[in-house]
Asker: 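This structure is in structure tokens; I'll ask about it shortly.
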Amino acid sequence: MASEIALPQGSTASLAPDAGTPAWRRPWALAAWAALALVAFWAATGTTPTAFVHLWRWLPALLRGLLANIEISVLAMALGTLAGLLVGALSLSPLRVLRVVTHWYVQVFRNAPVLVLIYFTTYVFPFELHLVSWTLPFPDWIKVVLGLALPASANVAEIFRGAIQSIPSAQWEAAQSLAFRRSEIFRLIVLPQCLRRMLPPWMNLYASITMSTALASLVGVHDVVDTAQIASNTVARTDFTILVYFTLLGLFFACCHPIARATRALERRHDRH
């Protein structure tokens, strides 16, 4: 049947949304053009709604708050990735004790609610560190970074372990027959393949961590959600409150949607190879 005919190699890319469509005719571009036309009309006629006037004034503060969320997500993923690679490597150890410890580490932090972990790191760690005669502040945003790094590390550990175990054992045996040392097999043969397999789920995890940074405002971190709440309470208009939270959704979408598209592109490329 026609549906069973195999597609030629490389044709998977043509199945991507908007493939072959000029950039200016894609939905997001058309929406942007429509928004620009609407703003130009309001500016020319002097009929800009009051809620949008207030939003324009608060937009720089919202963008600065979003930058705080991005910084937290980047630091949390960096710490989580480093810790996760270590935990994932230990989970493959021949020592049973290490495997048991890493197994329970992964199970605990993968299945714990992110909000609980953020509250845990916020109230377990001190607000100040006393080192000899110095007193160093331990700000809340660092505690949020640690709270997000814990589940990130557990998920990265599982991603790494799964990628390692997905490499066929025949490749190890063939490399050993060619007199490769175990470290050389791991560095030259296994890791390059693991990196390609780990990247899409790692990017999905980063998008999830980025969205979870919205919880930072609950423990006193001045981020984009906290800025939106301040703006809403200051302006005290229902139409502005609705608009500012729609803007909040749009800002997070603008951060996470490109990651999702890049992840799908990497998955399609991996399928072709």
Side-chain angles (χ1 to χ4, degrees), residues 7-17 19 69-95 98-99 101-111 114 145-146 148-213 255-273:
L7 293 173
Q9 185 176 5
S11 63
T12 310
S14 63
L15 299 178
N69 290 76
I70 294 173
E71 290 172 348
I72 290 172
S73 67
V74 170
L75 289 174
M77 276 304 297
L79 289 176
T81 299
L82 292 175
L85 291 176
L86 176 61
V87 172
L90 292 177
S91 69
L92 300 172
S93 170
L95 297 178
L98 290 178
R99 294 200 306 272
V101 170
T102 55
H103 169 77
W104 282 108
Y105 177 91
V106 170
Q107 293 303 313
V108 168
F109 291 120
R110 280 190 75 194
N111 297 294
V114 175
V145 167
L146 296 176
L148 294 175
L150 289 173
S153 65
N155 282 282
V156 169
E158 280 296 278
I159 292 171
F160 180 71
R161 184 187 62 81
I164 292 291
Q165 293 182 339
S166 69
I167 304 300
S169 59
Q171 294 194 21
W172 290 84
E173 296 168 357
Q176 288 172 349
S177 68
L178 295 174
F180 280 92
R181 294 193 297 271
R182 184 176 179 84
S183 60
E184 293 176 333
I185 298 173
F186 194 75
R187 178 169 51 88
L188 300 175
I189 298 173
V190 175
L191 273 185
Q193 298 181 73
C194 288
L195 181 62
R196 187 173 65 184
R197 300 182 185 196
M198 288 173 59
L199 198 53
W202 183 91
M203 293 174 68
N204 278 327
L205 177 61
Y206 174 67
S208 176
I209 292 296
T210 301
M211 291 182 286
S212 297
T213 59
C255 286
C256 297
H257 182 63
I259 300 173
R261 289 185 64 90
T263 302
R264 289 197 297 270
L266 286 171
E267 289 172 345
R268 290 194 297 269
R269 182 177 179 182
H270 177 69
D271 289 341
R272 293 199 302 270
H273 296 84

Asker: To the nearest 0.5 angstrom, please state how far the CD1 atom of I259 sits from the CG atom of N204.
Answerer: 9.0 Å
Asker: Please tell me whether Y105 and S91 have a donor and an acceptor in their side chains that are separated by less than 3.5 angstrom.
Answerer: no
Asker: Side-chain polar contacts of residues 156-163 - donor-acceptor pairs under 3.5 angstrom, sequence neighbours left out - could you list them?
Answerer:
unit_1: E158; atom_1: OE1; unit_2: R161; atom_2: NH2; d: 2.9
unit_1: E158; atom_1: OE2; unit_2: R161; atom_2: NE; d: 3.0
unit_1: R161; atom_1: NH1; unit_2: Q165; atom_2: OE1; d: 2.8

Asker: Do you know which two heavy atoms are closest between C194 and I167, and how far apart they sit?
Answerer: SG-CG1, 4.1 Å
Asker: Could you state the interatomic distance from OG (S153) to CG (L146), rounded to the nearest 0.5 Å?
Answerer: 10.5 Å
Asker: Nearest 0.5 Å, what's the CD1-CZ distance between I164 and R197?
Answerer: 10.0 Å
Asker: What are the two closest non-hydrogen atoms of T210 and C255, and how far apart are they?
Answerer: CG2-CB, 4.5 Å
Asker: Mind listing the side-chain donor-acceptor pairs of residues 75-82 below 3.5 Å, one per line with the distance, residues two or more places apart or on another chain?
Answerer:
unit_1: T81; atom_1: OG1; unit_2: M77; atom_2: O; d: 2.6
unit_1: T81; atom_1: OG1; unit_2: W202; atom_2: NE1; d: 2.9

Asker: Between OG1 of T213 and CE of M211, what distance do you get to the nearest 0.5 Å?
Answerer: 9.5 Å
Asker: Locate the shortest heavy-atom distance separating L90 from L98; write the atom from each residue and the value.
Answerer: O-CB, 4.0 Å
Asker: By salt bridge (charged side-chain N to carboxylate O under 4.0 Å, His left out), which residues pair with R99, not counting sequence neighbours?
Answerer: none
